[in-house]
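First the structure, in the form of structure tokens, and then the observations on it.
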There are 2 protein chains.
Amino acid sequence: MGSKERIARLKEETRMNILDASLEIVKEEGWQSLSMRKIADRIEYTAPIIYEYFQNKEGILLELTRQGYIILAREIRAARGQHVEPAVQLEAMWTAYWDFAFKYKELYQLMYGVDMNCCELKKRMPEADLADEQIYDVIEQLITVKNRSEDFVCRKFYTFWSIIHGLISINLVNKGRNEEMNQRILKDAIKGIIKYINE
Amino acid sequence: MGSKERIARLKEETRMNILDASLEIVKEEGWQSLSMRKIADRIEYTAPIIYEYFQNKEGILLELTRQGYIILAREIRAARGQHVEPAVQLEAMWTAYWDFAFKYKELYQLMYGVDMNCCELKKRMPEADLADEQIYDVIEQLITVKNRSEDFVCRKFYTFWSIIHGLISINLVNKGRNEEMNQRILKDAIKGIIKYINE
DNA sequence: ATAAATAATTTAACACTGTTAAGCAAAGGT
DNA sequence: ACCTTTGCTTAACAGTGTTAAATTATTTAT
């Protein structure tokens, strides 16, 4: 009765086909545009079939999320394995994290709730700069070394912004964190960046 | 002919009602659940009316985004105004940024593309910790001072993670940034955190 | 005041979405 | 041969954004 196994293998294959098709569609058209019927089209079935392999659409997303975490862990482990000194290891690991985010950006989006819709119109919104300008202004005052490039100021700005936005995002997505710890991380980071702002 | 103005005022009022209703719905049920018909229900009209005030649904979101930026700028300006020394100003401004993000979290989400759906299931996903554990491990090796609390390691981890995730998010949402600058920000930040990891 | 014109609002429809239930056709077992 | 199970599709439901047509209300002109 090897046909049982053959069938199970085929089932496993279409399950993977569903996941592959989903990721393909997302790569081509974005998450917003992923639909059950489009997936069904690619795997040459009709939509209801998918519900024999996944509980619902979110089930597919959840499985892709899971795969993302696995790939990320693999890449980070590999990065670590190429070095021995912890400081070097750590830098390589975070670099691997960075590379993963852009190599598998669709998965990263899914894993960490980074929505990337409608940027064209937002970019042209002058109000978006109102806050930034203020902060730029103060940062420039803090930089005492003369003739710093505009790039330098920009880098400092993004360093601040990144850590704050990152911490906020992490807290908004995985809500219910340690507020006291957040405040310490935030204050420490800000003080740290200000302290060595001229380097 | 003051009726013209009265009508204009009424129109402006329902325009604002649409925006208010939208935000209310989002606060109660999340962005995912915002629909034109629900908005219409709240303002006691039918859906097509909304299209006389906004080009489409995205038009509403865009206007809310705009309002968000304006509020944020106002709060940051106020924070700055309460201090004179730049270093203190800057910390207060970033704190205002932080506070804004949570006080107006729905707007922050919209402005910076922070998606916060389906966390319950993701949190219970063991694969999500695979990468984190590795990094935790190396961070612990880097901390030479004995008897550091688990909290301390955790804080360092989140400091790393925040800046990297923040920078990634910013790049994914506002795509097409300066890759060289990103690398410098990233490397500098990582080196900086490692350097003062025992403080 | 009545008729015509204009504005305001709704209803109906279209093409989608996720999802479920019913139907059908082929295969397997007895 | 019949019955049951399996695989798959069609049809349907309730919802989405959006548009065009129909309807109602209001204003304007005669």
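Below, read A as the first sequence line, B as the second, and so on, with proteins coming before strands; counting in each chain starts at 1.
Distance alone, capped at 3.5 Å, places no donor-acceptor pair between the B:S162 side chain and the B:T159 backbone.
One finds no salt bridge joining B:E179 and B:R184 here, because no Lys/Arg side-chain nitrogen approaches an Asp/Glu carboxylate oxygen to under 4.0 Å. Between B:K38 and B:E29 there is a salt bridge, since a side-chain N of the basic residue sits under 4.0 Å from a carboxylate O of the acidic one. Of the charged side-chain nitrogens involved, at least one lies within less than 4.0 Å of a carboxylate oxygen, so that B:E28 and B:R42 count as a salt-bridged pair.
Judged by distance alone, the side chains of A:Y53 and A:Y45 never bring a donor and an acceptor atom under 3.5 Å apart.
For B:S35 and D:dT16, the shortest distance from a side-chain N or O to OP1 or OP2 is below 4.0 Å.
Defining each end axis of the helix from C:dA1-D:dT30 to C:dT30-D:dA1 as the rotation carrying four pairs' C1' atoms onto the next four, with five pairs an end, the two axes are found to diverge by 30° to 10 degrees.
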Worked check of side-chain hydrogen bond (donor to acceptor under 3.5 Å, both in side chains) between B:H165 and A:Y108 = CA-CA 10 Å; B:H165 173 64; A:Y108 191 88; 2.6 Å; yes

Would A:R66 and A:E63 satisfy salt bridge (charged side-chain N to carboxylate O under 4.0 Å, His left out), going step by step from the backbone distance to the final call?
-> CA-CA 5 Å; A:R66 221 176 58 85; A:E63 180 54 33; 3.1 Å; yes

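Between A:F54 atom CZ and C:dT20 atom P there is a gap of 16 Å when expressed in whole angstrom units. B:I49 has its CD1 atom 6 Å from the P atom of C:dT10, to the nearest Å. Here D:dG15 presents its C1' atom at 16 Å from CE of A:M36, a figure rounded to the nearest Å. D:dT9 atom C1' lies 13 Å from atom CD1 of A:I50, rounded to whole Å. D:dT26 atom C1' lies 14 Å from atom CG of B:L10, rounded to whole Å. Residue B:N56 contributes atom CG, which lies 20 Å from atom P of C:dA15 at whole-angstrom precision. In this entry the distance linking CD of A:E29 with P of C:dT17 reads 10 Å, nearest Å. Rounding to whole angstrom units, NZ of residue B:K57 and P of C:dT17 are separated by 15 Å.
Interface remark: the B:R37 side chain does not form any donor-acceptor pair with the D:dG15 base, using a distance-only criterion of under 3.5 Å.
For A:E52, taking side-chain heavy atoms from C-beta onward, the closest of the listed nucleotides D:dC8, D:dT16, D:dT9 is D:dC8.
Hydrophobic clustering, with ILVMFWY side chains joined whenever heavy atoms are under 4.5 angstrom apart, groups A:I185 together with B:F102.
Geometric assessment of B:R155 against the ring of B:F152 yields a negative cation-pi assignment under the 6.0 Å and 45° thresholds.
Here A:Y45 lies in heavy-atom contact (under 4.0 Å) with sugar-phosphate atoms only. At the heavy-atom level, A:L34 lies under 4.0 Å from the strands shown only through sugar-phosphate atoms.
Mapping B:A47 and B:K11 onto DNA chain C by nearest heavy atom places B:K11 at the nucleotide closer to the 5' end. If B:E44 and A:Y51 are placed on DNA chain C by their nearest nucleotide, the residue sitting closer to the 5' end is B:E44.
For A:F100 and A:Y104, the gap between ring centers is short of 6.0 Å.
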Could you go through nucleotides 22-27 of chain C and list every protein N or O atom that sits under 3.5 Å from one of its N or O atoms, giving the distance for each pair?
none

